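Each remark here refers to the structure printed beneath this line.
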Amino acid sequence: MKVLLVGSGGREHALAASIAKSPLLTKLYCAPGNPGIAKIAECVAIGAGDIDALLAFAKEKRIGFAISGPELPLVAGFFDRFEAAGIKAFGPSAAGAQLEGSKGFVRDLCAEFGIPGAAYKRFRQAEPAKSFAASLGLPVVIKADGLAAGKGVIIAETREQADTAIDEMFAGAFGKAGAEIVVEEYLEGEEASFFALTDGEAVLPLAGAQDHKRAYDGDKGPNTGGMGAYSPAPVLSPEVAEKALEKIVKPTVAAMKQRGTPYQGVLYAGLMIKDGEPKLIEYNCRFGDPEAQVLLPRLKTDLLAMLIAAREATLGDLKLEWSGGAALTVVMAAKGYPGDYAKGSEIRRLDTAAALDGVSIFHAGTAQKDGAIVANGGRVLNVTAVGGTIQEAKDRAYAAVDAIDWPEGFCRRDIGWRAIRRKTTDQG
Ligand code: AMP
Ligand code: GLY
């Protein structure tokens with residue numbers, strides 16, 4: 001089967017690496033891909049948002065299965081357009097992708113079906129939004145309803161910040177995404193991500209992961225798109241994972257089916273866990289980035305077969321196999337990220353680092369220039385390792401980081417600290 005994978009980051013590199021191992025695959029194309037992906041797939045210069053061009057390419061090459069890494073194409077109808085053209089695709093549909101595309105949609109669904117979330121209200125006018133925010137106490141969370149590239153959430157610590165966030169959203173700070181807003185209760189606890197695959201009816205739990213959003217060690221400094229991640233997440237104990245599955249994910253899948261818009265695809269639940277009880281922060285309709293980079297290296301089952309089973313509604317027949325241990329990824333970023341940074345510095349000794357035990361290096365923001373790999377973004381590499389424990393995965397990942405010659409880059413040195421501390425305390 002010929003497969004078209006859409007996207008260009010570390011998540012797509014991890015997806016490509018798993019798909020490339022599938023016995024079902026005859027040829028893998030990636031649009032637009034990156035220099036790391038180019039080693040295992042044929043990259044084609046079509047942007048992830050250009051569904052017309054993707055579809056024309058897929059028809060010309062007789063693609064048998066199409067997969068989008070990022071959410072934007074899915075919310076814009078990637079699945080629906082491909083399926084309408086007779087090309088099988090990995091969902092969700094645009095209707096299903098509303099679980100990520102509209103924060104208000106998710107909160108309404110949770111309220112209607114009794115799924116644990118946050119107290120909230122939806123608004124199109126500033127004044128009622130401000131008085132509701134005031135009634136919730138502090139901190140309070142203000143969200144643009146639509147997709148805002150991960151930036152549309154403000155945790156306001158004061159009334160003034162809340163009012164300003166509300167005014168700015170209605171003034172267009174997030175464009176159309178902020179025409180409607182959600183004001184919601186601040187949930188306390190420890191955050192973790194839980195991933196499941198569903199065919200619209202059957203739900204196959206995948207695994208949990210945790211990431212580090214702050215730029216510097218000790219979870220300090222500005223927010224980023226994620227500086228590292230690990231899987232499994234010790235806070236998602238088997239009991240908590242079971243609750244997340246039974247009280248949050250399965251009821252959501254059942255609700256989407258009941259509404260006549262069954263959800264097929266990956267469901268990524270962002271959870272807040274307090275006293276062993278998970279509550280839903282948000283859904284994403286795709287694999288996480290960098291969470292995919294730590295989930296997929298642990299998976300032994302054929303990923304392509306799993307994704308196809310979600311499309312064919314045969315997930316119930318699948319049994320997953322995982323490697324016993326853990327995986328951890330360290331994001332190497334260009335110095336200055338998430339502020340201003342330079343592009344174009346050369347990265348050396350990548351092959352030496354990638355040859356170390358248990359190590360995979362996923363490209364997130366690189367380019368090829370005169371035969372060399374150069375930095376081409378803020379977050380540039382995902383240096384990933386598997387190991388028997390998170391500590392072992394961490395040691396291996398940092399050994400690979402240290403083997404890479406890239407003076408213009410930096411990374412956090414403490415990825416996984418929460419999990420490692422928890423393990424140490426658990427063992428007394
Ligand atoms: P989102 O864009 O929905 O992922 O939100 C970004 C981040 O804001 C989440 O990862 C949480 O850390 C935080 N967040 C969002 N909603 C809430 C909430 N209701 N309570 C506490 N933290 C939240
Ligand atoms: N790691 C956060 C995300 O993929 O949205």
Side-chain angles (χ1 to χ4, degrees), residues 11 14 99-100 106 110 115-118 187-198 202-214 219 226-253 265-301 306 319-330 384-394 397 414-427:
R11 166 181 54 204
L99 284 180
E100 175 161 4
V106 178
C110 288
I115 296 165
L187 300 172
E188 282 174 34
E190 188 171 339
E191 229 178 305
S193 307
F194 180 72
F195 294 84
L197 195 61
T198 169
V203 178
L204 198 61
L206 297 176
Q210 262 180 315
D211 69 352
H212 294 263
K213 293 242 190 285
R214 301 298 190 105
D219 291 325
M227 295 301 289
Y230 48 92
S231 174
V235 65
L236 268 175
S237 63
E239 296 74 33
V240 176
E242 184 69 13
K243 283 182 188 164
L245 184 65
E246 296 300 330
K247 295 186 176 178
I248 297 176
V249 174
K250 282 186 178 173
T252 300
V253 171
V266 182
L267 194 52
Y268 160 172
L271 304 174
M272 193 65 88
I273 298 146
K274 193 176 169 220
D275 302 330
E277 291 297 326
K279 286 187 176 175
L280 183 72
I281 298 174
E282 59 153 6
Y283 275 127
N284 296 306
C285 64
R286 45 160 178 94
F287 283 101
D289 189 344
E291 289 88 343
Q293 291 88 309
V294 290
L295 285 187
L296 299 178
R298 297 181 51 221
L299 184 67
K300 286 190 176 167
T301 311
M306 288 164 56
K319 282 267 173 300
L320 294 191
E321 241 196 297
W322 298 88
S323 68
L328 182 141
T329 190
V330 179
T384 310
V386 293
T389 59
I390 290 189
Q391 181 69 57
E392 187 183 25
K394 178 180 176 183
D414 65 344
I415 300 303
W417 70 265
R418 222 181 268 278
I420 289 164
R421 186 184 65 179
R422 185 181 290 266
K423 266 261 147 354
T424 321
T425 344
D426 284 354
Q427 287 160 3

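Since the model is a prediction, treat every value here as computed from it, not as a measurement.
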Looking only at heavy atoms, which two atoms of [X] and [Y] are closest? And how far apart?
X      : Y      : value
Pro232 : Gly325 : CD-O, 3.7 Å
Val203 : Ala196 : CG1-CB, 4.0 Å
Pro278 : Ala244 : CG-N, 3.8 Å
Ala393 : Ala326 : CB-O, 4.0 Å
Gly276 : Val240 : O-CG2, 3.7 Å
Pro290 : Ala229 : CG-CB, 4.0 Å

Output the distance between atom [atom1] ([X]) and atom [atom2] ([Y]), rounded to the nearest 0.5 Å.
X      : Y      : atom1 : atom2 : value
Leu206 : Leu197 : CG    : CG    : 5.5 Å
Lys250 : Leu245 : NZ    : CG    : 4.5 Å
Leu295 : Arg11  : CG    : CZ    : 12.0 Å
Leu296 : Ser231 : CG    : OG    : 9.5 Å
Leu328 : Thr384 : CG    : OG1   : 8.0 Å
Leu99  : Leu280 : CG    : CG    : 9.0 Å

Inset, instruction - Carefully, step by step, assess Met272 and Glu190 under the rule side chain to side chain contact (heavy atoms under 4.5 Å, CB included). - result: CA-CA 6 Å; Met272 193 65 88; Glu190 188 171 339; 5.8 Å; no
Legend entry - With sequence neighbours excluded, residues passing salt bridge (charged side-chain N to carboxylate O under 4.0 Å, His left out) with Glu191: none
Legend entry - Contacts of Lys213 that satisfy salt bridge (charged side-chain N to carboxylate O under 4.0 Å, His left out) - sequence neighbours left out: Asp211
According to side-chain hydrogen bond (donor to acceptor under 3.5 Å, both in side chains), who are the partners of [X], at least two apart in sequence or on a separate chain?
X      : answer
Lys279 : none
Arg286 : Glu71, Glu100, Asn284
Thr252 : Tyr283

Legend entry - Test log, rule side chain to side chain contact (heavy atoms under 4.5 Å, CB included), inputs Arg298 and Val294: CA-CA 7 Å; Arg298 297 181 51 221; Val294 290; 5.9 Å; no
Legend entry - Worked check of side chain to side chain contact (heavy atoms under 4.5 Å, CB included) between Phe194 and Ile248: CA-CA 10 Å; Phe194 180 72; Ile248 297 176; over 6 Å; no
The criterion is side chain to side chain contact (heavy atoms under 4.5 Å, CB included); which residues satisfy it with [X], sequence neighbours excluded?
X      : answer
Thr389 : Gln391, Glu392
Val386 : Pro297, Ala327
Ala202 : Asp199, Leu315
Pro251 : Ile115

Inset, instruction - Any salt bridge (charged side-chain N to carboxylate O under 4.0 Å, His left out) involving residues 230-244? Give me the pairs, sequence neighbours left out, ordered by first then second residue. - result: Lys243-Glu277
Legend entry - ring-ring contact (aromatic ring centres under 6.0 Å, His included) involving Tyr268 - partner list, sequence neighbours excluded: Phe195
Inset, instruction - Decide side chain to side chain contact (heavy atoms under 4.5 Å, CB included) for Met306 and Leu320; before the verdict, give the C-alpha distance in whole Å, the side-chain angles of both, and the deciding distance to 0.1 Å. - result: CA-CA 9 Å; Met306 288 164 56; Leu320 294 191; 3.6 Å; yes
Legend entry - Flag side-chain contact, heavy atom, 4.5 Å: Tyr230 against Lys394: no
